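One structure is given below, encoded as structure tokens.
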Amino acid sequence: MINDNTILLIDDDLDVLSAYRNLLEDDYSVYVESDPSVVLDKISLDWIGVIVTDVSMPEISGLELLVRLQAFDKNIPVILITGHGDIPMAIEAMKKGAYHFLEKPINPEQLLNYIETALDERRLYIQKKLWQQKELTLNFIGVSGWAKQHRQYLQKLSEIELPVFIFGELGTGKTLSARYLHQISGKKGTVEFIELFDMYSPENLQNKLDESVFSTLVIENIEYLSLPAQRLLLKLEHSQEKRFRLILSSHYSPAQLLEQGKLLPELFYLFSLTQLECLPLSKRLNDIEVLFRHFVDLTCSRLNKKKPAINKNILQNLLVQNWVGNVNQLMHAAELFAIGAVILENKVYTTMIEDNVLSLDSLVSEYEKKIITEILDRFQGKVQAAADYLQIPRKKLYLRMKKYELNKKHYKE
Ligand SMILES: Nc1ncnc2c1ncn2[C@@H]1O[C@H](COP(=O)(O)OP(=O)(O)OP(=O)(O)O)[C@@H](O)[C@H]1O
């Protein structure tokens with residue numbers, strides 16, 4: 001692999017290579033290569049450098065090399081040296097993503113200028129990329145294949161302005177994803193969240209847009225955005241004056257919402273290539289342990305407490321739980337564990353809360369009851385709406401309400 005801050009020169013003519021080297025080596029570290037076929041083996045995705053290549057080479061032309069480099073990393077700066085007067089070739093090179101081209105005989109000063117700006121831009125790009133990776137790995141915890149891929153998607157999407165649709169079950173990280181997509185994009189301005197629980201009219205939306213200034217707008221539970229309000233959103237999205245990036249989120253996928261008539265077909269197509277699914281913990285068991293440890297650590301450092309040991313039995317117990325509230329629920333279990341309320345004893349978590357001995361199952365049930373109570377309260381006792389929100393059949397919700405002795409009448413206004 002070639003070191004960072006290096007200019008990689010490619011030409012099949014050794015005399016030309018040596019002339020370029022003489023020109024550049026006072027200011028830069030220079031690496032010369034006469035065989036274009038080995039170039040990809042010499043650089044990594046985080047390489048900070050510039051490639052200067054001749055176009056006319058016998059085996060692989062500079063243009064072909066450019067195409068291969070672009071497929072590897074679209075951002076690598078490639079400066080092409082074309083024959084004198086070969087304007088069509090130069091135009092084609094720029095279309096294919098060349099950083100710049102120079103005609104022979106080259107103007108040394110111009111080459112040095114191009115190299116300097118290309119190297120600066122590449123350095124900034126890699127620095128930003130590494131910062132994004134660090135931010136995401138530290139804050140969007142997960143070791144599963146999904147988590148890794150999700151972080152990569154977020155990073156890629158942060159480079160462009162396209163609207164994004166994030167969907168997934170309760171507590172799977174939709175809000176966190178939207179927040180980080182905004183944060184790592186490095187955009188000036190704030191992120192505005194609109195969480196919907198009831199039908200939202202175009203007037204409500206217009207008022208909200210008029211009163212706030214933001215660079216990212218996140219609308220959560222898009223199914224409550226009325227179709228006329230969705231039309232307004234679409235109009236804004238296509239308008240020249242659009243000033244924010246739009247992120248929509250829902251417990252339902254865009255395809256489900258389209259089928260239920262809750263999403264305009266035009267919006268569905270708008271998001272067809274930028275949909276991110278947040279998987280429930282049951283589909284990424286690998287993430288449970290790291291998330292649990294993370295939340296225990298956070299709670300202990302917040303409370304300045306000694307970290308309790310997390311042994312194998314505890315971890316096994318975590319894996320067999322039904323995490324209805326996903327990461328949110330896991331976070332609560334970790335917090336309880338961190339404050340010592342939950343102690344493991346032969347595969348059973350016990351707690352001294354109010355002098356009762358509670359198993360982990362009881363804690364999970366408590367949490368489930370808490371979620372259902374909150375949602376019933378939010379929807380004023382409307383069981384169908386609450387069941388839709390929780391994505392469970394109405395009958396199942398009734399059974400749970402019976403189990404926890406919850407009466408819908410108590411939640412009506
Ligand atoms: N991968 C993760 N790493 C660290 N924290 C996470 C992760 N996923 C979720 N969380 C945390 O779990 C909690 C729930 O996540 P979040 O609010 O993003 O979920 P959601 O899908 O938007 O939930 P809801 O459907 O209820 O709106 C938040 O406190 C969030 O910071």
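Atoms within each ligand, like the ligands themselves, are counted from 1 in listed order. Computed from a predicted model, the values in this text were never measured in an experiment.
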For the atom pair [atom1] ([X]) and [atom2] ([Y]), what is the distance rounded to the nearest 0.5 Å?
{"X": "E277", "Y": "E169", "atom1": "CD", "atom2": "CD", "answer": "9.0 Å"}
{"X": "I222", "Y": "I166", "atom1": "CD1", "atom2": "CD1", "answer": "12.5 Å"}
{"X": "I375", "Y": "K370", "atom1": "CD1", "atom2": "NZ", "answer": "10.5 Å"}
{"X": "I48", "Y": "E121", "atom1": "CD1", "atom2": "CD", "answer": "13.5 Å"}

Closest to atom 6 (C) of ligand 1 (judged by heavy-atom distance), picking from L176, I371, L281: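 Closest candidate by heavy-atom distance is L176.
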
For [atom], what's the nearest protein heavy atom and its distance?
{"atom": "atom 9 (C) of ligand 1", "value": "V327 CG1, 3.4 Å"}
{"atom": "atom 4 (C) of ligand 1", "value": "N139 O, 3.4 Å"}
{"atom": "atom 14 (C) of ligand 1", "value": "N328 CG, 3.8 Å"}
{"atom": "atom 20 (P) of ligand 1", "value": "K174 N, 3.5 Å"}
{"atom": "atom 1 (N) of ligand 1", "value": "I141 O, 2.9 Å"}
{"atom": "atom 27 (O) of ligand 1", "value": "T175 OG1, 4.1 Å"}

Check: L170 and N328 side chains under 4.5 Å, non-hydrogen atoms: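 N328 does not reach L170 side chain to side chain.
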
Side chains of E59 and S37: any donor to acceptor distance under 3.5 Å?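 Side-chain D/A pair, S37 to E59: absent.
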
Within the structure, does [X] bring an N/O atom to less than 3.5 angstrom of an N/O atom in ligand 1?
{"X": "G171", "value": "yes"}
{"X": "H294", "value": "no"}
{"X": "G173", "value": "yes"}

Could you tell me which atoms of ligand 1, counted from 1 in the order shown, lie closer than 4.0 angstrom to a heavy atom of T172?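 Per the distance check, 19 (O), 20 (P), 21 (O).
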
Mark up the atoms of ligand 1 that fall under 4.0 Å of a heavy atom belonging to L170, in ascending order.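 The atoms of ligand 1 under 4.0 Å from a heavy atom of L170 are 25 (O), 26 (O).
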
Can any side-chain N or O of T299 pair as donor or acceptor with the backbone N or O of F295 at less than 3.5 Å?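 Flag set: sc T299 to bb F295 pair under 3.5 Å.
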
What part of [X] sits under 4.0 Å from ligand 1 if we count only heavy atoms: the side chain, the backbone, both or neither?
{"X": "L291", "result": "side chain"}
{"X": "W146", "result": "neither"}
{"X": "M331", "result": "side chain"}

List in chain and number order the residues that pass side-chain hydrogen bond (donor to acceptor under 3.5 Å, both in side chains) with Q391, two or more places apart in sequence or in another chain; answer none if no residue qualifies.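 For Q391, no residue satisfies side-chain hydrogen bond (donor to acceptor under 3.5 Å, both in side chains) once neighbours in sequence are set aside.
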
Other residues, nucleotides, ligands: >12 heavy atoms within 6.0 Å of Y153 OH: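 No, because the 6.0 Å sphere around OH of Y153 holds 12 heavy atoms or fewer from other groups.
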
May I ask you to check whether F167 and Y252 place their ring centers less than 6.0 Å from one another?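 No, they do not, as the ring centres are separated by 6.0 Å or more.
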
Are any of the heavy atoms in H251 under 4.0 Å away from ligand 1?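 Contact check H251 vs ligand 1: positive.
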
